[in-house]
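See structure below.
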2 protein chains.
Amino acid sequence: MEVLAAHVLRRGLRMTRQRKTIAEVLLATDGHLNIDQLYQAVRQRDPNVGYATIYRTLKLLTECGLASNAHFGDGAARFESMMHRHHHDHLICTACGLIVEFENDDIEVLQERVCRDHGFVMSAHKMEIYGLCARCRGAATGQREHVD
Amino acid sequence: MEVLAAHVLRRGLRMTRQRKTIAEVLLATDGHLNIDQLYQAVRQRDPNVGYATIYRTLKLLTECGLASNAHFGDGAARFESMMHRHHHDHLICTACGLIVEFENDDIEVLQERVCRDHGFVMSAHKMEIYGLCARCRGAATGQREHVD
DNA sequence: TTAGGTGCAAACCCTTTGCTTTCTA
DNA sequence: TAGAAAGCAAAGGGTTTGCACCTAA
């Protein structure tokens with residue numbers, strides 16, 4: 001929250017009630033929120049906030065590193081708080097939609113190496129593994145596995 | 001192409017001129033195509049093909065494993081042929097948009113392990129590393145690095 | 001001959017923008 | 001008080017769908 005305040009200040013912007021609410025809701029969340037979920041949660045606290053404000057604020061939060069957005073291939077963006085968190089990647093169940101976060105330092109090291117080998121300087125990365133979670137694997141063996 | 005024919009046959013569908021053309025164009029391509037590029041290329045051979053057919057055929061090709069689609073975070077899907085190719089991941093330059101493909105077996109192994117540790121059975125994965133390519137790094141040191 | 005497929009245009013969905021009003025600094 | 005932000009609605013851009021006509025099998 002202080003990070004947002006600083007960012008806002010530095011750029012001569014204003015700290016509004018809506019920005020505070022959206023930031024609080026997002027930072028208090030611990031998994032992934034899609035836009036609708038965030039919108040609903042924010043409106044429980046402040047019933048007149050519109051989608052435009054959500055989007056505009058999310059952009060701001062992403063700029064100052066408090067949020068990050070992830071497209072999981074289904075067209076709808078999801079956001080997550082970056083507060084107090086390590087970088088992590090995602091395991092996504094293609095049957096039930098479960099999203100599990102994981103961190104793996106060995107992979108990170110290899111990614112850095114790949115970058116170096118190609119002359120790149122890495123600024124970010126994103127890794128998503130799709131598959132069936134333990135539950136879905138057990139529940140429906142003939143289940144459709146689809147990654148689009 | 002035989003794969004598509006088989007898929008089509010198996011499902012009682014038809015092998016149309018348009019499907020052939022789209023499959024040929026895609027399979028002959030070696031990098032990434034966005035929908036517009038594919039559309040243009042297909043229409044050079046068959047001027048009346050519409051977007052709907054492109055989308056519908058791409059869905060078919062993805063189902064039978066001949067194509068895969070990748071959202072690189074900018075809202076527009078890109079497709080690539082899966083023919084005769086290893087799985088690979090992507091390095092993306094955030095300044096010039098250059099996309100470099102790479103393969104890294106060590107990372108693949110670690111991904112499998114992560115899956116196993118979480119009880120998942122992996123069906124697919126996607127890894128994108130964002131950064132500055134050698135050229136852009138040299139050209140513009142103050143360049144904005146943005147990953148959305 | 002008869003489903004399935006195509007093309008076109010309209011519909012959709014998510015996101016962004018324009019404009020007027022409201023409110024922070 | 002000035003200029004940024006909100007809220008609403010309309011516009012945009014990519015993708016999907018409905019429907020009448022066409023075509024592979």
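Sequence lines set the chain letters: A, B, ... in the order given, protein chains first and strands last, and positions in each chain run from 1.
- A:R17 comes within 4.0 angstrom of nothing in the nucleic acid, heavy atoms only.
- Ionic pairing of B:R113 and B:E108 is not present here: no N-O contact between side-chain nitrogen and carboxylate oxygen is shorter than 4.0 angstrom.
- In this structure, B:Y55 and A:I22 both approach DNA chain D, and ranking their closest nucleotides by distance from the 5' end singles out A:I22.
- Rounding to whole angstrom units, CG of residue B:L58 and P of C:dG5 are separated by 16 Å.
- Taking atom CZ on B:R11 and atom P on C:dA3, their separation rounds to 18 Å, with Å as the unit.
- A:H125 and A:Q111 are linked by a side-chain donor-acceptor pair at a separation below 3.5 angstrom, with hydrogens and angles left out of the test.
- Within a heavy-atom distance below 4.0 Å of DNA chain C, the residues of residues 43-53 of chain A found are A:A52.
- Atom-to-atom, CD1 of A:I54 to P of C:dT16 comes out at 13 Å; the value is rounded to the nearest Å.
- Between the CZ atom of B:R56 and the P atom of C:dA9 there is a distance of 14 Å, rounded to whole Å.
- Rounding to whole angstrom units, CD of residue A:Q18 and C1' of C:dC23 are separated by 9 Å.
- Salt bridge status for A:K126 with A:D89: absent, with no side-chain N to carboxylate O gap under 4.0 Å.
- Between the NZ atom of A:K20 and the C1' atom of D:dA6 there is a distance of 15 Å, given to the nearest Å.
- No side-chain donor-acceptor contact under 3.5 Å links B:R45 to the backbone of B:T21.
- The bend of the helix from C:dT1-D:dA25 to C:dA25-D:dT1, defined by the angle between the axes of its first five and last five pairs, stands at 30° to the nearest 10°.
- Within 3.5 Å, a donor on the side chain of A:R14 pairs with an acceptor on the base of D:dG3, or the reverse.
- Between B:T16 and C:dG4 there is no side-chain polar atom (N or O) within less than 4.0 angstrom of OP1 or OP2.
- Put simply, the residue from B:L91, B:D106, B:V100 that forms a side-chain contact (heavy atoms from CB on, under 4.5 Å) with A:V114 is B:L91.
- One interatomic measurement links the two molecules: CZ of A:F79 to P of C:dC14, which rounds to 14 Å at whole-angstrom precision.
- Distance NE2 (B:H7) to P (C:dG4): 14 Å, rounded to an integer number of Å.
- A:E63 and A:R11 are joined by a salt bridge, as a carboxylate oxygen and a charged side-chain nitrogen come within less than 4.0 angstrom of each other.
- No hydrogens or angles considered: nothing links the side chains of B:Y39 and B:Q37 as a donor-acceptor pair under 3.5 Å.
- Remark: side-chain polar atoms of A:R19 are not paired, donor with acceptor, to backbone N or O of A:T57 under 3.5 angstrom.
- A donor-acceptor contact shorter than 3.5 Å is absent between the side chain of B:T53 and the backbone of B:V49.
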